[in-house]
Every structure is written in structure tokens, then in C-alpha cells.
Amino acid sequence: MKRGSGLVVHISSLPSKFGIGNFGVEAKRFVKLLKLAGQKYWQVLPLNPTACNGSPYQSYSSFSLNPYFIDLEDLLKKKYLTKEEIEEFAKSYNNRKVDYDYLNKNRLILLKLAANRAKQIETYKIQRFYHTNKYWLKDYALFMCLKERFNDTPWYDWPENYKFHKKNDLKIFEENNLDLFEDYVTIQYFAFSEYLKLKKYANGKDIKIVGEIPFYMTYDSVDVWAHRQEFILNKDGGLSIAAGKALEKTQTYDIPLYDYKKMEKNNFKWWRNRIKFASKLYDLICLDDFQEFVSYYAVSIKDNKITWKNGPRDKIVDAINKTKKSEIIVKDYLVLTDDIYELIKYGDYAVFNYIIAHFNEDSKSITSLLHDYKDNSVAFMGLNSSESLIDTLRTNKLLKTKLIHHLHLEDYCSLDNLIDDTMKIALNSKANLTLFTVRDLLKISSDDENFIFRFKKTDFKKINFLKLYRMTCESERY
């Protein structure tokens, strides 16, 4: 991994006229700001379609891209949409929050209008895109069509011929709903065309994309529906055992476990396809919940009984390493047990360290923690990949006081100065890659998670990025 630093900001948080960030002009503008700041990496959260609340960690598809990230202005330039249509179905605003309720009701209407026009003009390109990605795209388009047909009912409540993925019935359904099927294919064509252009642009500026992929799939997802043999399900498609820990009284689980015994028989084909696909999208792949490959909880939904199970360990790592074309980073969950650490070493993966989480847990000097980091590691300033340090310290006064004392600062030190000093120490760590959230760089605090929070165009002042450039040069990361 090339020594350097980077910024974390999700696509949804970028400025835009139409309620959510996209792969268009503002994303390229952000790449220019990264270059101005001497950064070499841009980390995004998962780019998959999201659940109704906008969380990228709850997706109904592991291969498709979020259609809300399609740039409407690009579709306008290509005359696939009119100004009047956009004004009717995409309200123009740039407040601090993504309105997912509004998007869920209106954005697909616009994208279908554009898709109907585009497939008359770009027929060959769309067909080529479909056949290249047919191994996942066909099931995705069918799943979306069926979702629409049955008013967003989960697949496990569909009629049995569709619920059990009967090929002949699905073929007839596709033929009878071909126009809608092609719409969903074309919408993905829009998304991939725009994203890959953005990635090419970033790479041309010597900026690498760090992408995160969630470990588990949501029960009501195309992956579980179309590849049920890879998951632990009942014969009727029901779920009686799930991933997680002890169930609380108000909590339910709907995350299926992988059937590693069956996966091993096909050499973990589903995982190999997923990593191969992610390698096309990202220069570095950040794999969440890596420790589940070593051991994991299985929770009985009926009686809340917890079973501790062994994962596939080196067998799945071998399969992944034969497939991957991008470097892999795994998350560090405070305590790296010997077996987890050995598997990370075996796979030759980098470790994603949460600086403040370690500092808070161990009451160690943050300086000594950073000094102990290995070369093949990533240092992140927050407690998790979707929380900024400024928000953590704003609510955790004890942690703020401890950090001030360990940095030998005055008790009246401002929060802004504390953030800057922590950034400088992180940049001077031995970690190959240091990452910060843009909210920390710009000193913007919010109670909203990264996938809900939005920046305004006026937030991105060059002076802040030039300040980061100076710190980056001083730490010899440029």
C-alpha cells in the first residue's frame, strides 16, 4: 500500500441540487480538492442500493449500485430528461439532510423516464452492459420487477413459483414484463457508466478509491433469493437461525448466516464473485466484520439460544486471494485475538485501526498507540467509519479531557485545535494510510450519520484543503 493519507466522505454527502450527492460534477470537484490537499485516497461507504432509511450497510443487492447516485443533470444534457420533469419529481434543495422518504417516492419515476428514452438510443451499449454483467444483473432486474409487482413485499412472501426462483416461471414473467425489466437494466447502466468515469478521473489524478463492502446480506435481498443455497435457510425459505449476538426484547434479527459447508464445495464461488466485482469498483477493498471468517455467533430466533461457531478461516482467504485484484483492508475490533491476527497475516491484509477507540479502551497514550502501528495498517481518527471525531468529542466530555491531557494541551483548548493536533499526530504515525472524515477537516458537527448528512457547496473552501496539504507535506505523506 502506497504511503499517504485520504478523506472519508460518502457520495450521498456531496453537494448537489437534487437532495443527494451523485457521481457527477461535484464528485469530480471533490477529487480536485483531494489533489489540492495532497491526498492519495478517497474512502466511500458501500455504494449498493440502500434500505428505506438510507443505510448503505443494509442493502437488497451486493452487486448493483445505488440508483440515487445517478447525476440527473447528465441525463438532462443527454436529453433523456426535461427540466420540467426534473422540477416535478426532484425538488431542488441543499439542506443538511438527505430526504430518503422523498427520494423513495419520486426518484425512480425520473430514472424510468430516462431509461425508456435511453434504451432507444444506446441500445447496443446497454445490451453489451447487460451481457457482461448478466450473472448478477438478470436476477437483480427480475427481483426489482417482482418487488414492484408485489408492492415491495419480501421475496419470502411471494407466490411459490417466484419465491423459489423457478426458472421457467421467471422466464415467462420476464417476457411479460420486458419493458420494466429493461428499465432496471438501463438504470444500472447509467449508474455504472457514471461511476466508472468518476473512478477513471480520480485514478488519473493519482487518487485511489477505498470502498467498503458489508459482510452480511439482508434477508430480503436478491442475493439470498437467487442464491439461497449459499445461506442457512429452512426448506420453505424461512429463517430460524441468524447472525448476531444475544437478542434483546425489542430486537429482531433478519440476517442469514452463510452456509460455509456448501460454500466450500464450490470453492466459495459467491464470495469470489463478490470480491472480483468489488475489485473493478475499488482500488482498495475494506472488508467489514472480517473476524466472522474466524468464528461467529449463531442465534436461534425461536429461543434466543446462542451458539459459537468456527468460520472457514484460511480456506475462504485462499479463495479470495486467488480472485482479488485490489488490496484488502480488514477492520480492527479493538482486540485482535491471536487467531484473527494470524488469519490477517496469512492473507497479507492491512488492518483498519480506530485510533480513538483504542485510546479510549486502553487508556494508553495516543502517541504510543500510533507509534506501535505496523506499516501495513490504516489509521482512522474516529470510533467507527461513519462517525467523525468532532462529533465523538462533542458528546464524550471524558474522552475529550483525556485526549487534551495526553496531548499536553491546556484545559481550555478549543475543540478545533484538539482536532487539528490529533490529525497531525495521526499523519505522523507509522501507518501506511491515514484517513480523516471531511467533517473533521472542515470542523462541521452534526448528529446525523454520514449517509444522511449533506455538505453545501460553500462548505468546501480551498483554504481548509490547503491547510491539510501543509500538514500532509510536513508528515512526508505527499
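By convention here, the first residue in the shown sequence is residue 1.
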SB check [X] [Y] (cutoff 4.0 Å):
X	Y	result
Arg29	Glu26	yes
Lys2	Asp283	no
Lys424	Asp420	no
Arg439	Asp391	yes
Lys345	Asp338	no
Asp318	Lys315	no
Asp71	Lys77	no

When you measure from the side chain of [X] to the backbone N and O of [Y], does any donor-acceptor pair fall under 3.5 Å?
X	Y	value
Lys35	Ile207	no
Asp421	Leu418	no
Thr218	Ser221	no
Ser61	Val222	no
Arg454	Arg96	no
Tyr296	Ala243	no
Ser59	Pro49	yes
Gln188	Leu137	no
Asn106	Tyr102	yes
Arg272	Asn267	yes

Any side-chain heavy-atom pair of [X] and [Y] under 4.5 Å:
X	Y	value
Val31	Leu198	yes
Tyr41	Val8	no
Lys91	Asp99	yes
Ser62	Trp270	yes

[X] and [Y]: side chain donor to acceptor below 3.5 Å:
X	Y	result
Trp136	Asp139	no
Asn321	Tyr349	yes
Ser414	Asp416	no
Asn266	Glu230	yes

Cationic tip of Lys331 above Phe352 ring, under 6.0 Å, 45° of axis: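 Yes, Lys331 sits over the ring of Phe352.
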
side-chain contact (heavy atoms from CB on, under 4.5 Å) between Val98 and Asp448, intermediate numbers included: CA-CA 10 Å; Val98 178; Asp448 294 314; over 6 Å; no

Trace of the side-chain contact (heavy atoms from CB on, under 4.5 Å) decision for Asp440 with Ser388: CA-CA 6 Å; Asp440 282 328; Ser388 61; 3.6 Å; yes

What's the spacing between [X] [atom1] and [Y] [atom2] if we round to 0.5 Å?
X	Y	atom1	atom2	answer
Leu75	Ile86	CG	CD1	7.5 Å
Phe453	Ser445	CZ	OG	9.0 Å
Ile344	Tyr341	CD1	OH	8.0 Å
Lys402	Leu393	NZ	CG	11.5 Å
Ile232	Lys262	CD1	NZ	9.0 Å
Leu435	Leu7	CG	CG	8.0 Å

Single hit among Phe451, Phe69, Tyr68 for ring-ring contact (aromatic ring centres under 6.0 Å, His included) with His10: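 Result for ring-ring contact (aromatic ring centres under 6.0 Å, His included) with His10: Phe69.
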
How far apart are the closest heavy atoms of [X] and [Y], and which atoms are they?
X	Y	value
Leu81	Leu76	O-CD1, 3.3 Å
Ala426	Thr434	O-OG1, 3.2 Å
Ile285	Ser279	CD1-OG, 3.7 Å
Ile444	Ile390	O-CG2, 3.7 Å
Asp74	Glu194	OD2-OE2, 3.3 Å
Arg107	Phe18	NH2-O, 2.8 Å

Indicate, with yes or no, if the rings of [X] and [Y] have centres closer together than 6.0 Å.
X	Y	value
Trp42	Tyr282	no
Phe460	Phe455	yes
Phe63	Tyr140	no

Test log, rule ring-ring contact (aromatic ring centres under 6.0 Å, His included), inputs Phe290 and Phe293: CA-CA 6 Å; Phe290 177 82; Phe293 282 154; 5.7 Å; yes

Verdict with supporting geometry, Tyr260 and Arg313, side-chain contact (heavy atoms from CB on, under 4.5 Å): CA-CA 10 Å; Tyr260 287 124; Arg313 305 195 179 201; over 6 Å; no

Option among Lys200, Lys199, Lys205 that satisfies the side-chain hydrogen bond (donor to acceptor under 3.5 Å, both in side chains) test with Asn203: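 Between Asn203 and the candidates, side-chain hydrogen bond (donor to acceptor under 3.5 Å, both in side chains) is satisfied uniquely by Lys199.
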
side-chain hydrogen bond (donor to acceptor under 3.5 Å, both in side chains) involving Tyr216 - partner list, sequence neighbours excluded: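 Tyr216: side-chain hydrogen bond (donor to acceptor under 3.5 Å, both in side chains) contacts with Glu292.
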
Tell me, yes or no, whether the heavy-atom count around [X] atom [atom1], taken from other residues, nucleotides or ligands under 6.0 Å, exceeds 12.
X	atom1	result
Lys325	NZ	no
Lys324	NZ	yes
Lys400	NZ	yes
Lys443	NZ	yes

ring-ring contact (aromatic ring centres under 6.0 Å, His included) evaluation trace for Phe192 with Phe277: CA-CA 12 Å; Phe192 275 88; Phe277 187 77; 5.8 Å; yes

Salt bridge (charged side-chain N to carboxylate O under 4.0 Å, His left out) contacts in which one or both residues fall within residues 215-227, not counting sequence neighbours: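 Listed by first then second residue: Lys147-Asp220.
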
Stepwise side-chain contact (heavy atoms from CB on, under 4.5 Å) test for Lys17 and Leu72: CA-CA 9 Å; Lys17 293 180 182 178; Leu72 297 183; over 6 Å; no

